[in-house]
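As structure tokens, the structure follows; a few thoughts come after it.
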Amino acid sequence: MVRRIKDFCRRLINAPFFEIIIVLVIVLNSVFIGVETYGHHASIIFLQKIILGIFTFEIVVRFIARDSLRSFFRSGWNNFDLFLVLISYIPESMVENTSMLMALRVLRVFRVLRLLRTSKEIKLIISVLIKSFSALFY
């Protein structure tokens, strides 16, 4: 049963339609982030929650489909996506400095960089950038 679920998840993440859907959601998310800079509207907040659910689903499917725990966390894209998803779940009421949290949430815009994964050169540049993010926290 577990093997069948893992195989299904692998087929799903390798399916072209899945990647197309995620790319469309990334573009839509970027548009909504831009709209949010002008003010908060209930419908935009609701749509952002749906998008967060889609991104959460994607990262869970990628986690289930992994070869090993180590291989999952070796991928800069998985770490980047997991980081963005986890930050999105932090309620502003739990943080004293909400401007810091908002600054971190703005990083969601960088999800658009995933659109550039098709080029090997750009993929290398982005991987280096993602790895350099850890230095920012030191």
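- Considering only residues two or more places apart in sequence or on other chains, Phe18 meets the side-chain contact (heavy atoms from CB on, under 4.5 Å) condition with Leu12, Ile13, Ala15, Ile22, Phe57, Glu58, Arg62.
- Residues meeting the side-chain contact (heavy atoms from CB on, under 4.5 Å) test with Arg11, sequence neighbours left out: Asp7, Phe8.
- Val35 pairs by the side-chain contact (heavy atoms from CB on, under 4.5 Å) definition with Val31, Ile44, not counting sequence neighbours.
- Checked against side-chain hydrogen bond (donor to acceptor under 3.5 Å, both in side chains), Ser75 has no partners two or more places apart in sequence or in another chain.
- One hydrophobic cluster holds both Leu28 and Val85 under the rule that ILVMFWY side chains link at heavy-atom gaps under 4.5 Å.
- Rounding to the nearest 0.5 Å gives a distance of 8.5 Å between CZ of Phe80 and CZ of Phe83.
- Taking the side-chain contact (heavy atoms from CB on, under 4.5 Å) definition, one finds that Leu69 meets it with Phe63, Arg66, Phe73, sequence neighbours left out.
- In this structure, NZ on Lys49 lies 15.0 Å from CD1 on Ile54, to the nearest 0.5 angstrom.
- Ser88 and Leu52 make their closest contact through CB-CD1, 3.5 Å (heavy atoms, listed as atom of the first residue, atom of the second, distance).
- Scanning both residues, Asn78 and Ile59, for their nearest heavy atoms gives O-CD1, 3.7 Å.
- Both Ile50 and Val61 belong to a common hydrophobic cluster when Ile, Leu, Val, Met, Phe, Trp and Tyr are linked at side-chain heavy-atom distances under 4.5 angstrom.
- Cluster annotation: Tyr89 and Ile45 are assigned to distinct hydrophobic clusters (Ile/Leu/Val/Met/Phe/Trp/Tyr, side-chain heavy-atom contacts under 4.5 Å, transitive).
- For the side-chain contact (heavy atoms from CB on, under 4.5 Å) with Phe55, the qualifying choice from Asn29, Asp81, Leu84 is Asn29, the only one to do so.
- Qualifying salt bridge (charged side-chain N to carboxylate O under 4.0 Å, His left out) partners for Arg10, counting only residues two or more places apart in sequence or in other chains: Asp67.
- Follow the hydrophobic side-chain contacts under 4.5 Å out from Ile21 and you reach Phe32 in the same cluster.
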